[in-house]
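Scroll down for the structure; my scribbles are underneath it.
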Amino acid sequence: MSILFPDQIAQAKKYCASLTEYKRRLTRVVNIGDTPMGGLHPIRVQSMTTVDTMDTKGSVEQAIRMIDAGCEYVRITAPSMKEAQNLANIKKELRARGYKTPLVADIHFTPNAAEVAARIVEKVRVNPGNYADKKKFATLEYTDSEYEQELERIRIAFSPLVAICKEHGTAMRIGTNHGSLSDRIMSRYGDTPLGMVESALEFVRICEDLHYYDMVISMKSSNTQVMVQAYRLLVQKLDEYGHIPYPLHLGVTEAGEAEDGRIKSAVGIGTLLEDGLGDTVRVSLTEDPEFEMPVGRKLVSRYEHRADHKPIKPVSTLPIDPFEYNKRKSKEIRNFGGQNVPRVVADLSQLENIEYKDLKAIGLHYFELTDKWNMSDLGCDYIYSGQNEISFMLPSGTREILDAAVWMKSPERKTKFPLFPDSSAYFHATEKSEELNLIRITYKDLSDEFYERIRKDSTAVLVIDTNNTHAMAALRRIFFYLMENKVENPVVVLRKFEDMDDESLLLCASTDIGGLLIDGMGDGILLSTELVPRKDKEELLQKAKMLNDTAFGILQAARTRITKTEYISCPSCGRTLFDLQETTAMIRQRTDHLKGVKIGIMGCIVNGPGEMADADFGYVGVGKDKIALYRGKEVVKRAVPAANALDELIDLIKEHGMWIEPQIVNS
Ligand code: SF4
């Protein structure tokens, strides 16, 4: 086995077995009913019911739908004693119907409910931010001795649960959420990945002192950068402090719905899975929970044979900080790199005779009557047309990229740009653009001569590609080579996929590219259609639209380019006070033009305000047909009738100067 991190950074920055060789982190096996987690067991897929826990029949039937869809642990909320007690009825009925899937009680704020549930179900989840703390959102200063007293208070409140879990063989998840850290943790560490890690470790230490080790840990956030950094830091701290390698439960909280929710989940969860972290995943979508299972399954199934990948040369230096976002330094070439947002290159190269109307699929609307273009927020920056040169003028914000051989014959060489197939073709070319040359490269192109020539080139943008099945790591290795050799030319990440269903493609692309963007690497995305079998024009345009939207979705999910309103909506559970899917759709319909505004849509007041973390505005259920509206973490309207709540939310957005009128586009 190779040494994968140099000695000087081995302790401080090491968070996985290897950055270049796929290897799952070997964790302790935790027995949860008859479905063990960790060790060499498969990465488990799980979810949570959304019906009221007091509705035994409804809970059982939903759990069965989830299990039939592949759910391996069913989590059920237990907000108070009565729900905790009803878990016994749910479990009895499920077992009577022949379902042995372990149940997990989800606990916030209520130790007495946890102590009841731990005697009934196979696992309890506690949130260290609120198990024995009421969130006050107060900035409190703690002296060392006050801090110790607080820890002692937690120990007294938490120890009985640990004793019950030990006695009944019940497992436990210490589930930290970025949005619900205790005031104590906030006062010392702030709202940071380190704070999240310390929040969990306080509880882990208590468990270990009591010789209880059947723990799973999670570090969830709706911010994928924070989430990834927190999990990595957790692993590093567990190792540094000599703790047992507990299994990790991966999840992005309140990921949202539809494509955006899937992309965001893949960016967060997939990035960690790529480095061998994670023993179970929960994809939180604002959809019925059974729809989460196929997504989770697709995310984890990529790793079943991953260890067979072609070798990638181990790293000898680590040019990034895995615990902090830093954009790779790159020089500005045209509008790539430097301070520019990452660019989206839409691939229309399989489309012959490209017409005005075709470009609508990639966000460029042409109005014949007025001879004007309208670019949507998802309008691509570049069109790669390959050998099919476009015969008309594009809107001023968009430029065409042609295969170099075609570009050399084009009369429009000043306004269009060439893509060279490899570095050799580029270095030997008789004609190049004076402004921007794109060069497709793989690992094989890299050499001292290559670095030397590219480093001095102020027109070359690299388009990196790999055929390695461990693609994210292989592409990351190319970035590391470039960084080690001080090549600061912008880099576009190219990914191409065999024909697969749209959802799989979206998840694979989000994982492979998101994993790079999270670490600040990537000045552009090109989702290539070159492996997509030739189809009719309509199908090709649909694919182009899907890939273009996905590229923007990945950039948004990795927080590197914001083009849409962001909805941080909870997946709903037995506490939910309104129909989350319907409400999210309704809010979205009126606000989805508010680029960059973050709106939290939360089903209950118990966890909602904490979970929506850094949302600009919040829409939170407080009672039957009653909504509380938030500006940041502050409640500004307490019990608005549901019928008026959306209008009042819009008024609130207006009051804070973040509203713009929607633009009507007639096509
Ligand atoms: S915020 Fe949503 S998912 Fe979380 S506890 Fe409340 S209703 Fe359930």
Side-chain angles (χ1 to χ4, degrees), residues 29-38 41-42 44-127 131 160-175 212 214-216 247 249 280 282 284 288-293 296 571-577 603-604 606-607:
V29 174
V30 171
N31 289 309
I32 305 167
D34 59 4
T35 311
M37 183 196 296
H41 293 288
R44 308 290 186 189
V45 175
Q46 61 169 296
S47 183
M48 188 166 176
T49 58
T50 57
V51 294
D52 186 338
T53 308
M54 293 311 291
D55 175 359
T56 307
K57 186 165 174 279
S59 297
V60 167
E61 282 170 1
Q62 188 175 52
I64 290 175
R65 288 196 297 278
M66 291 159 62
I67 296 165
D68 289 346
C71 184
E72 295 176 278
Y73 307 111
V74 174
R75 185 153 49 108
I76 303 174
T77 186
S80 72
M81 288 287 277
K82 68 180 194 318
E83 285 90 357
Q85 280 156 350
N86 201 46
L87 292 172
N89 296 324
I90 295 171
K91 183 173 175 181
K92 194 166 149 218
E93 182 59 22
L94 275 170
R95 300 295 178 258
R97 295 204 203 178
Y99 288 90
K100 304 226 170 336
T101 307
L103 300 184
V104 185
D106 196 62
I107 306 290
H108 295 267
F109 296 110
T110 45
N112 56 0
E115 290 164 21
V116 168
R119 294 181 164 93
I120 299 170
V121 294
E122 286 80 3
K123 183 172 156 214
V124 286
R125 177 272 168 120
V126 298
N127 178 344
Y131 189 76
L161 175 65
V162 179
I164 294 166
C165 287
K166 269 181 84 174
E167 187 191 337
H168 291 262
T170 309
M172 187 188 297
R173 168 156 67 101
I174 312 285
Y212 174 77
D214 289 333
M215 282 177 275
V216 177
H249 163 126
T280 181
R282 193 268 165 116
S284 303
D288 288 338
E290 54 268 34
F291 294 118
E292 295 175 357
M293 253 52 71
S572 88
C573 71
R575 282 195 170 102
T576 312
L577 290 161
C604 77
V606 185
N607 294 321

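Residue numbers count from 1 along this sequence. The analysis underlying the following values was restricted to heavy atoms, covering all of them including side chains, and did not include hydrogens, waters or symmetry mates.
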- request: Quickly, which of T53, T56, D52 forms a side chain to side chain donor-acceptor pair (under 3.5 Å) with N86? Name it, please.
  value: T56
Approximate separation, where rounding is to 0.5 Å, of Q62 CD and I90 CD1: 10.5 Å
message: Please give me the minimum heavy-atom distance between A84 and I120, naming the atom from each residue.
response: O-CD1, 3.3 Å
statement: Rounding to 0.5 Å, atoms CE (M66) and OG1 (T50) come to a distance of 8.0 Å
message: Between E72 and H41, is the side chain to side chain contact (heavy atoms under 4.5 Å, CB included) condition met? List the steps.
response: CA-CA 12 Å; E72 295 176 278; H41 293 288; over 6 Å; no
- prompt: Quick check: does any side chain N or O of Y212 sit under 3.5 Å from a backbone N or O of M172, one acting as donor and the other as acceptor?
  reply: yes
message: Can you list everything that forms a salt bridge (Lys or Arg N to Asp or Glu O under 4.0 Å) with R125? Sequence neighbours excluded, please.
response: D106
message: Set out, in order, the CA-CA distance, both residues' side-chain angles and the distance that settles side chain to side chain contact (heavy atoms under 4.5 Å, CB included) for I164 and R119, then state yes or no.
response: CA-CA 7 Å; I164 294 166; R119 294 181 164 93; 3.5 Å; yes
task: Output yes when K57 and E61 qualify as a salt bridge under the 4.0 Å nitrogen-oxygen rule, no when they do not.
output: yes
- request: Would you sort out whether L87 and I76 count as a side chain to side chain contact (heavy atoms under 4.5 Å, CB included), showing the intermediate values?
  value: CA-CA 8 Å; L87 292 172; I76 303 174; 3.7 Å; yes
statement: side chain to side chain contact (heavy atoms under 4.5 Å, CB included) filter on T110, not counting sequence neighbours, yields I107, N112, A113
query: V126 and L161: which non-hydrogen atoms are nearest, and at how many Å?
result: CG1-CD2, 3.6 Å
Atom pairs and distances, side-chain donor-acceptor, residues 31-38, under 3.5 Å, sequence neighbours left out:
none

query: Roughly how far, to the nearest 0.5 Å, is the CE atom of M54 from the OG atom of S80?
result: 7.5 Å
query: Hey, what do you get for CD (Q46) to NE2 (H249), rounding to the nearest 0.5 Å?
result: 4.5 Å
- request: Kindly write out the residues that satisfy side chain to side chain contact (heavy atoms under 4.5 Å, CB included) with K92, not counting sequence neighbours, or none if the list is empty.
  value: none
- request: Go through the structure and list residues passing side chain to side chain contact (heavy atoms under 4.5 Å, CB included) with P111, not counting sequence neighbours.
  value: E115, Y131
task: In sequence, state the C-alpha distance, the side-chain angles, and the governing distance for D68 and E290, and then conclude on side chain to side chain contact (heavy atoms under 4.5 Å, CB included).
output: CA-CA 8 Å; D68 289 346; E290 54 268 34; over 6 Å; no
task: Return the minimal non-hydrogen interatomic distance between V74 and A63, and the atom names on each side.
output: CG1-CB, 4.0 Å
- line: Taken to the nearest 0.5 Å, the spacing of S59 OG from K91 NZ works out to 15.0 Å
field: Partner set under salt bridge (Lys or Arg N to Asp or Glu O under 4.0 Å) for R282, not counting sequence neighbours
entry: E292
- prompt: Between R95, R173, K100, R75, which is the residue that forms a salt bridge (Lys or Arg N to Asp or Glu O under 4.0 Å) with E122?
  reply: R95
- line: C71 and S47 have their tightest heavy-atom pair at SG-N, 3.4 Å
message: Quiz question: by atom type and distance under 3.5 Å, do the side chains of E83 and T77 form a donor-acceptor pair?
response: no
